[in-house]
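Structure, as structure tokens:
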Protein chains: 2
Amino acid sequence: MKWYKIDEVARETGLTKRTLRFYEEIGLIKPPERSEGKFRLYSEEDINQIHNVILAREVLGFSLQELQQFLALKETIRKHTESKDEIPPGQLTEIARSLEEQILMLEKKINRMQSFKNELNELLTHLHETIPTKEE
Amino acid sequence: MKWYKIDEVARETGLTKRTLRFYEEIGLIKPPERSEGKFRLYSEEDINQIHNVILAREVLGFSLQELQQFLALKETIRKHTESKDEIPPGQLTEIARSLEEQILMLEKKINRMQSFKNELNELLTHLHETIPTKEE
DNA sequence: ATAAACGTTGACGTTAACGTAAACTTTATT
DNA sequence: AATAAAGTTTACGTTAACGTCAACGTTTAT
């Protein structure tokens, strides 16, 4: 198994070393292994998880706190569907409801962005009409 | 013409009075009229502009600085298309390019959100399959 | 084995985007 | 006319999300 030190991970993910430590500190990413001394050693899976966090952060536009909640939700579901974890059906429906809520939120955002984009496109069209063409 | 004081505008827009003054201070919204004393008096158009700012902020997820740039761009275009302002064609194409860039950015974001949403939907489907139905 | 390079943990600094409180003025109400 | 209610500016406070620096320990390279 190959291990990566923090600087490699930083360059790979585009985060800074500080941010990696910070995200670990607030529980956004799980603490990686350590060398005999104290060096952080990240596995490929760790790095994948970090990429997921980054993706979710960029896409959702949440605060890190909200992001934590969301990732915790996903983790719960992942563990459950891998049957590593049994969840009482009452909580399960609650979790499903939570997830549906997030999806609806996303859909709303997407729709708003789409209509905003459409407006901008109209603006652009009008603008192009006012630009004189090269042919005379 | 009807004028609105800051508190009404705050309740109407959902911003706080502080935020209204702050946005004015940093030039995100234009300074409204004033009463003979010093009270801010907003017109309906002012309020509309504020709503636009809020929409752009929510949809674009920009910092207020970036938002300023963007709104300035839109203003330039608006003034131009209303022919209140003549712009040399060189700058015009530059402006158009800027706008196209923003649109592409939006499109990218939308696509990412869409595929993220799709993932969540799959997750939800799998989750529902593990929930026992009411019939036995 | 010793220096250079890299890592670690504090801890204080910074920036954006407001919140909050004070001291004062203007408008509305009785 | 006087008091309350709402507004004004000024200025300091706060929170999130890191940046930066110091003092020190660990690996790697020579």
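Note that these values count all heavy atoms, side chains included, but never hydrogens, waters or copies made by symmetry. Note that the structure is predicted; figures quoted are calculated from it, not measured. The chains referred to below are lettered A, B, ... by the order of the sequence lines, with proteins before strands, and numbering in each begins at 1.
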Interatomic distance, [X] [atom1] vs [N] [atom2] [rounded to whole Å]:
| X | N | atom1 | atom2 | result |
| --- | --- | --- | --- | --- |
| B:E36 | C:dT26 | CD | P | 11 Å |
| B:L28 | C:dC18 | CG | P | 9 Å |
| B:K17 | C:dA21 | NZ | C1' | 13 Å |
| A:F39 | C:dT9 | CZ | P | 10 Å |
| B:F22 | C:dT20 | CZ | P | 15 Å |
| A:L41 | C:dG7 | CG | P | 11 Å |

Scan residues 3-10 of chain A against DNA chain D and write down, sorted by residue number, each residue with any heavy atom closer than 4.0 Å; if none is found, say none.
A:K5
Can you sort out which residues in residues 47-70 of chain B have a heavy atom within less than 4.0 Å of DNA chain D? Ascending by number, please.
none
Would you say [X] places a side-chain N or O within less than 4.0 Å of OP1 or OP2 belonging to [N]?
| X | N | result |
| --- | --- | --- |
| B:T16 | C:dC18 | no |
| B:T19 | C:dG19 | yes |
| A:S35 | C:dG7 | no |
| A:Y23 | D:dC18 | yes |

Name the atoms and distances for all side-chain donor-acceptor pairs under 3.5 Å in residues 6-14 of chain A, with sequence neighbours left out.
{"unit_1": "A:D7", "atom_1": "OD2", "unit_2": "A:R11", "atom_2": "NH1", "d": "2.8"}
{"unit_1": "A:E8", "atom_1": "OE2", "unit_2": "A:K5", "atom_2": "N", "d": "3.2"}
{"unit_1": "A:T13", "atom_1": "OG1", "unit_2": "A:V9", "atom_2": "O", "d": "2.8"}
{"unit_1": "A:T13", "atom_1": "OG1", "unit_2": "A:A10", "atom_2": "O", "d": "3.4"}
{"unit_1": "A:T13", "atom_1": "OG1", "unit_2": "A:L15", "atom_2": "N", "d": "3.2"}

Backbone of B:K79 reached by a side-chain donor or acceptor of B:E82 within 3.5 Å
no
Which heavy atom of A:L99 sits nearest a heavy atom of B:L120, and at what distance?
CD2-O, 4.1 Å
For a quick test of reading the model, state the closest non-hydrogen atom pair linking B:Q68 to B:L28 and the distance between them.
CG-CD1, 3.5 Å
Looking at residues at least two apart in the chain, or sitting in another chain, which of them share a salt bridge (Lys or Arg N to Asp or Glu O under 4.0 Å) with A:R21?
none
Of all residues at least two apart in sequence or in a different chain, which pass the salt bridge (Lys or Arg N to Asp or Glu O under 4.0 Å) check with A:E94?
A:R97
For B:S43, give me all partners under side-chain hydrogen bond (donor to acceptor under 3.5 Å, both in side chains), at least two apart in sequence or on another chain.
B:D46
Could you tell me which residues satisfy side-chain hydrogen bond (donor to acceptor under 3.5 Å, both in side chains) with A:K117, sequence neighbours excluded, listed by chain and number?
B:E107
Take N1-N3 plus N6-O4 or O6-N4 for Watson-Crick, N1-O2 plus O6-N3 for G-U, both under 3.5 Å. Which runs of 3 or more such pairs involve DNA chain C?
C:1-30 with D:1-30
Collect all protein-nucleotide pairs involving nucleotides 9-13 of chain D in which both atoms are nitrogen or oxygen and the distance is under 3.5 Å.
{"unit_1": "D:dT9", "atom_1": "OP1", "unit_2": "B:R34", "atom_2": "NH2", "d": "3.2"}
{"unit_1": "D:dT9", "atom_1": "OP2", "unit_2": "B:R40", "atom_2": "NH2", "d": "2.1"}

Can a side-chain donor-acceptor contact be found between A:Y23 and A:R18 if the only test is distance below 3.5 angstrom?
no
Do the side chains of A:F116 and A:N111 get nearer than 4.5 Å, heavy atoms only?
no
B:K2/B:E44 ion pair, N-O < 4.0 Å:
no
Cluster membership besides A:L104, Ile/Leu/Val/Met/Phe/Trp/Tyr side chains within less than 4.5 angstrom, sorted by chain and number, is none
Tell me who clusters with B:M1, hydrophobic residues only, linked when side chains sit under 4.5 Å apart either directly or through other members.
B:W3, B:L41
What side-chain donor-acceptor pairs closer than 3.5 Å can you find for residues 32-39 of chain B, not counting sequence neighbours?
{"unit_1": "B:R34", "atom_1": "NH1", "unit_2": "B:K38", "atom_2": "O", "d": "2.6"}
{"unit_1": "B:S35", "atom_1": "OG", "unit_2": "B:G37", "atom_2": "N", "d": "3.4"}
{"unit_1": "B:S35", "atom_1": "OG", "unit_2": "B:F39", "atom_2": "N", "d": "3.1"}

